[in-house]
Amino acid sequence: MERLDKDSMKLYLVTDSTGLTEALFLEKIERALKGGVTMVQIREKDKSTREYMELGQKVHEVTKKYGVPLMVDDRVDVAMAIGAEGVHLGQSDMPVDIARKIVGDKMIIGATTKTVEQAKIAYEQGADYLGVGAIYPTTTKVKTVLTSVDTLKDICRAVPIPANAIGGLNSSNLQILKGAPIAGICVVSAIMKSEDPEKAARDLLEAAKTI
């Protein structure tokens, strides 16, 4: 059984609540969903487990209204606690195969990979999709290690699961990805820092058609 609809990967929003009130944070996510975001990952590096859960539940209420899967970054326990559709794991997080044993067959598991070897391991361990990057330097709080577009293409060809490009992408620079057989793009700042997240999402989807 397919856990993941590949169309869900087209425009993948990774959230960033930095400097935002909770109300504005949730409003930005909803407006982005109205603009066509197809998947949401809540990413909170500095919140306590309880804070992460409480905010995750509120974000999930929004994503459910639009029938869009919610992924939880890093935290298998939080994802299970709030009934999220999946969890996204980085290279320093719980290994994919261990997470799969814990969450079972129904939950989506995504993995961040930067090399073909990492991609093959994630696939063999049971990942449903990959986030590959960073393509460009980013302004988010995560450590940035750049991945070339050639490596991105190699990863896409090395594994049969969908892969998305991530890292500093916006509607004006997607041309760098031309020819890469990706399922979609992941963005943070291009939407979360936009004054009009709905328009930003629409512009990204339009720009992505030219890849």
Side-chain angles (χ1 to χ4, degrees), residues 2-18 29 32-33 37-47 49 52-53 55-57 59-60 62-64 68-115 118-135 138 140-145 147 152 155-156 159 161-169 182-192:
E2 290 291 325
R3 288 177 286 264
L4 178 66
D5 178 352
K6 193 175 178 182
D7 286 343
S8 296
M9 299 293 293
K10 280 182 182 173
L11 183 53
Y12 185 127
L13 171 63
V14 181
T15 68
D16 181 3
S17 63
T18 306
I29 293 169
L33 287 161
V37 160
T38 55
M39 204 161 184
V40 175
Q41 178 193 139
I42 181 170
R43 181 163 71 186
E44 295 291 341
K45 299 292 185 184
D46 301 321
K47 282 185 166 38
T49 299
Y52 204 170
M53 281 179 56
L55 187 59
Q57 286 171 328
V59 172
H60 204 197
V62 178
T63 59
K64 282 190 284 191
V68 167
L70 176 66
M71 309 295 292
V72 174
D73 183 55
D74 293 354
R75 298 289 299 274
V76 172
D77 56 339
V78 173
M80 294 181 73
I82 68 171
E85 282 69 40
V87 63
H88 187 89
L89 302 168
Q91 289 296 313
S92 61
D93 298 328
M94 183 183 292
V96 171
D97 55 348
I98 303 299
R100 179 59 72 200
K101 287 179 184 175
I102 294 170
V103 304
D105 292 333
K106 292 183 180 178
M107 190 176 280
I108 301 165
I109 297 180
T112 298
T113 60
K114 299 177 184 297
T115 67
Q118 288 175 357
K120 287 180 175 177
I121 291 169
Y123 165 64
E124 288 163 4
Q125 290 186 346
D128 295 293
Y129 74 87
L130 305 176
V132 182
I135 305 301
T138 71
T140 57
K141 289 179 284 187
V142 296
K143 293 175 185 173
T144 301
V145 177
T147 301
L152 169 65
I155 287 172
C156 290
V159 294
I161 54 177
N164 270 29
I166 187 169
L169 299 172
I182 54 174
I185 56 170
C186 302
V187 298
V188 188
S189 301
I191 286 177
M192 295 306 300

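If you read the sequence from its start, that first residue is 1, and numbering goes on from there.
A distance of 11.5 Å separates CG of Asp74 from CD1 of Ile42, quoted to the nearest 0.5 Å. With rounding to the nearest 0.5 angstrom, the CG atom of Asp5 is 9.0 Å from the NZ atom of Lys10. The structure places CG of Asp7 at 8.0 Å from OG1 of Thr38, a figure rounded to the nearest 0.5 Å. Once rounded to the nearest 0.5 Å, the distance linking CD1 of Ile108 with CD of Glu85 reads 6.5 Å. Interatomic distance, CD of Gln91 versus CG of Leu89, reported as 9.5 Å (0.5 Å rounding). Leu4 contributes atom CG, which lies 12.0 Å from atom CD1 of Ile109 (distance to the nearest 0.5 angstrom).
Within the 3.5 Å criterion, the main-chain N or O of Thr112 finds no donor-acceptor partner in the side chain of Gln118. Of the possible donor and acceptor atoms, one in the side chain of Asn164 sits under 3.5 Å from a partner among the backbone N and O of Met9. In terms of modelled atom types and a separation under 3.5 Å, the side chain of Thr113 and the main chain of Val132 share no donor-acceptor contact. The backbone N or O of Arg43 sits less than 3.5 Å from a side-chain atom of Thr15, completing a donor-acceptor pair.
Between Ile185 and Leu11 the shortest side-chain heavy-atom distance falls below 4.5 Å. Side-chain contact between Tyr52 and Val72: present, with at least one pair of heavy atoms (C-beta onward) separated by less than 4.5 Å. Within the 4.5 Å cutoff, no side-chain heavy atoms of Leu169 are placed close to those of Cys186. Within the 4.5 Å cutoff, no side-chain heavy atoms of Val87 are placed close to those of Met94. Annotation: side chain of Leu13 is in contact with side chain of Met192 (closest heavy-atom distance under 4.5 Å).
A salt bridge links Asp128 to Arg100: one of the charged nitrogens lies within less than 4.0 Å of a carboxylate oxygen.
Taking each heavy atom of Ala32 and Ile191 in turn, the nearest pair found is CB-CG2, 3.7 Å. A pairwise comparison of heavy atoms in Val96 and Ala127 identifies CG1-N, 3.5 Å as the closest pair. The two atoms that bring Ala165 and Ile135 nearest to each other are CB-CG1, 4.0 Å, heavy atoms only. Scanning all heavy atoms of the two residues, the minimum distance from Lys114 to Gly133 falls at NZ-O, 2.5 Å. In plain terms, the two heavy atoms of Cys156 and Ile182 that are nearest each other are SG-CG2, 3.8 Å. Heavy-atom minimum distance, Thr18 versus Asp16: OG1-OD1, 2.6 Å.
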Taking distance alone, no hydrogens or angles, what donor-acceptor pairs closer than 3.5 Å link side-chain atoms of residues 76-84 to residues at least two apart or in another chain?
{"residue": "Asp77", "atom": "OD1", "partner": "Arg75", "partner atom": "NE", "Å": "3.0"}
{"residue": "Asp77", "atom": "OD2", "partner": "Arg75", "partner atom": "NH2", "Å": "2.8"}

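Heavy atoms from other residues, nucleotides or ligands lying under 6.0 Å from NZ of Lys120 number 12 at most.
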Between Thr138 and Val188, does the side-chain contact (heavy atoms from CB on, under 4.5 Å) criterion hold? Intermediate values first, please. CA-CA 9 Å; Thr138 71; Val188 188; over 6 Å; no

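For Tyr129, the ring pair (Phe, Tyr, Trp, His ring centres under 6.0 Å) partners are Tyr12, His88, not counting sequence neighbours.
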